[in-house]
Amino acid sequence: MTDPRLDRLLARAPALRLTIEPADLEHYGRDWTRRWTPTPLAIALPASVEEVQAIVCWANEEGVAVVPSGGRTGLSGGAVAANGELVLSLERMNRVLAFDEVDRTLTVQAGIPLEAVHNAAREHGLAYPVDFAARGSCSIGGNIATNAGGIRVIRYGNTREWIAGLTVVTGAGEVLQLNRGLIKNSSGYDLRQLLIGSEGTLGIVVEATLRLTDPPPPTNVMLLALPSFETLMQVFAAFRERLVLEAFEFFTDRALHHVLAHGAQKPFDELHPFYVVTEFAIGDEKQEAAAMAAFEHCLENGLVSDGVISQSDAQAAQLWRLREGITESLAGYKPYKNDVSVRISAMPAFLAETQALLSREYPQFDVVWFGHIGDGNLHINVLKPEAMADGEFVGHCEQVTKLLADALARHDGSISAEHGIGLVKKPYLIGTRSAEEVVLMRGIKHVLDPNGILNPGKLFDP
Ligand code: 2HG
Ligand code: ZN
């Protein structure tokens, strides 16, 4: 190695896989944000908890910053290494370690992809219910670091709900076993929950014990066409009242336009301004009748203008593709992303205000709305006009995000519902969290990571 610091790392952990190949630096140094030029010092791919611990101890001694890295599907820059950091990829620590039939838990290494967790749970006749489109590429460690949400939060909650235990290496290099799979544990501060959503700033998640549940019931998927934004929350209320919802997602005509251009199949002959994909249990005739009743109620009251219900698994997948394919269909436009939330009760007022704000501030931009409306979570993707320079585009969007952050503060909302703060949302953290809270967060960071080597500059500045 050309850098003596890396030689000293290898002296500590001789079997550690370490690379400084330019293609690896580029690949592992960025996430899906694509806004920063990756410039990591090197990429470490440890194969054991001991190697992770050795890296952290070395980093403390050398004063080198470490960026923990999972599948790097993040959208907030949380896994970006643009400052000479060492990227610590958990990619090789991707095994299932144990299944416990009595506890109904699966213990895994942090680098395992979410989809592999789903498959492992299914093999044991159970389910890990957190799910979203990046399932094939994201890792459970990254899900935990951002408290990932996704399309089934409405029914099963966020990642946080499903973590029964964690093994972490703190910024000081201690290995902690947190909660050890217990259901009940009233013995002081829950450091496991503190680590969940901490974006790699307090400790590196190396192993996790996941709670599993019964497999989902048979479901149907319905696609609804809506005449206006105003009816959206009323449609939600009508369906939630009558059915056990597994998902309730919305998107606009602009989102549909892009997924269709990307190869999805047109659902209706006519175009409509708004759409909802909803999935619900249909165990018996009563539930099927309830689904029809919800749809008819909405149709009779002018809340929806059309609808289609899946007749097969293939058709259900086709309908889901209209929603799940959105992010990929927009990627080529270098979108500027907002991922905001308010309480569901505040949603109608917030939606009206945001709609007015965005049409005023982005008059000639293609603005694509979609998201987990049943959780009060809205994704707004602003597409970069081809002729506009990257910097000018981001600068403009950042100004608008300030206004959006003010609106969120007025409605007691959050600037990041499920993607994390990372680098992208850092300027807007105040507003969602009070100044006092951020001071306390810094203090907590100092306790767990006294030399500030873990993901510095993410979430807040040192
Ligand atoms: C989704 O809900 C993801 O599809 C990605 O959270 C959202 O691309 C986005 O803005
Ligand atoms: Zn989402």
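Ligands are counted one by one from 1 in listed order, and the atoms in each one are counted from 1 as well. The model shown is predicted, which means the values in this text are computed figures rather than measured ones.
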Do any N or O atoms from the side chain of [X] and from the backbone of [Y] form a donor-acceptor pair under 3.5 angstrom?
X    : Y    : answer
R192 : I163 : yes
E249 : T278 : no
D449 : L454 : yes

| field | Positive for side chain to side chain contact (heavy atoms under 4.5 Å, CB included) with F251, one of V259, V276, V368, V277 | value |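 Testing each of V259, V276, V368, V277 against F251, the sole residue satisfying side chain to side chain contact (heavy atoms under 4.5 Å, CB included) is V277.
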Would you check the N or O atoms of N338, main chain and side chain alike, for any that come under 3.5 Å of an N or O of ligand 1?
->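 By distance alone, the answer is no.
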Check your understanding: Nearest protein heavy-atom contact for atom 4 (O) of ligand 1: which residue, which atom, what distance?
Key ->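 Among all protein heavy atoms, the one nearest atom 4 (O) of ligand 1 is R323 NH1, 3.1 Å.
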For ligand 1, which atoms have a heavy atom of [X] less than 4.0 angstrom away?
X    : value
H372 : 2 (O)
N381 : 8 (O), 9 (C), 10 (O)
T327 : 4 (O), 5 (C), 7 (C), 8 (O), 9 (C)

message = Regarding D406 and R410, does a basic nitrogen lie under 4.0 Å from an acidic carboxylate oxygen?
response =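 Salt bridge flag = no for R410 with D406.
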Working to 10°, measure the angle at the Zn ion (ligand 2) formed by atom OE2 of E418 and atom NE2 of H379.
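Value, to the nearest 10 degrees: 90°.
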### Query
Do the ring centers of Y362 and H396 come within less than 6.0 Å of each other?
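Aromatic pair counts; centres sit under 6.0 Å.
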Open item on the list: Please confirm whether the ring centroid of Y333 lies under 6.0 Å from the ring centroid of H258.
Closed with: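 Yes; H258 has its ring centre under 6.0 Å from that of Y333.
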**Q.** Side chain, backbone, both or neither: L75 near ligand 1, heavy atoms under 4.0 Å
**A.**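 Just the side chain.
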Subject >> Proximity winner for atom 7 (C) of ligand 1, if only heavy atoms of E418, H419, K337 are counted >> reply: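 It is H419 that holds the nearest heavy atom.
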* **Contact check, F132 vs ligand 1, heavy-atom distance below 4.0 Å** =>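 For ligand 1, residue contact (heavy atoms, under 4.0 Å) with F132 is absent.
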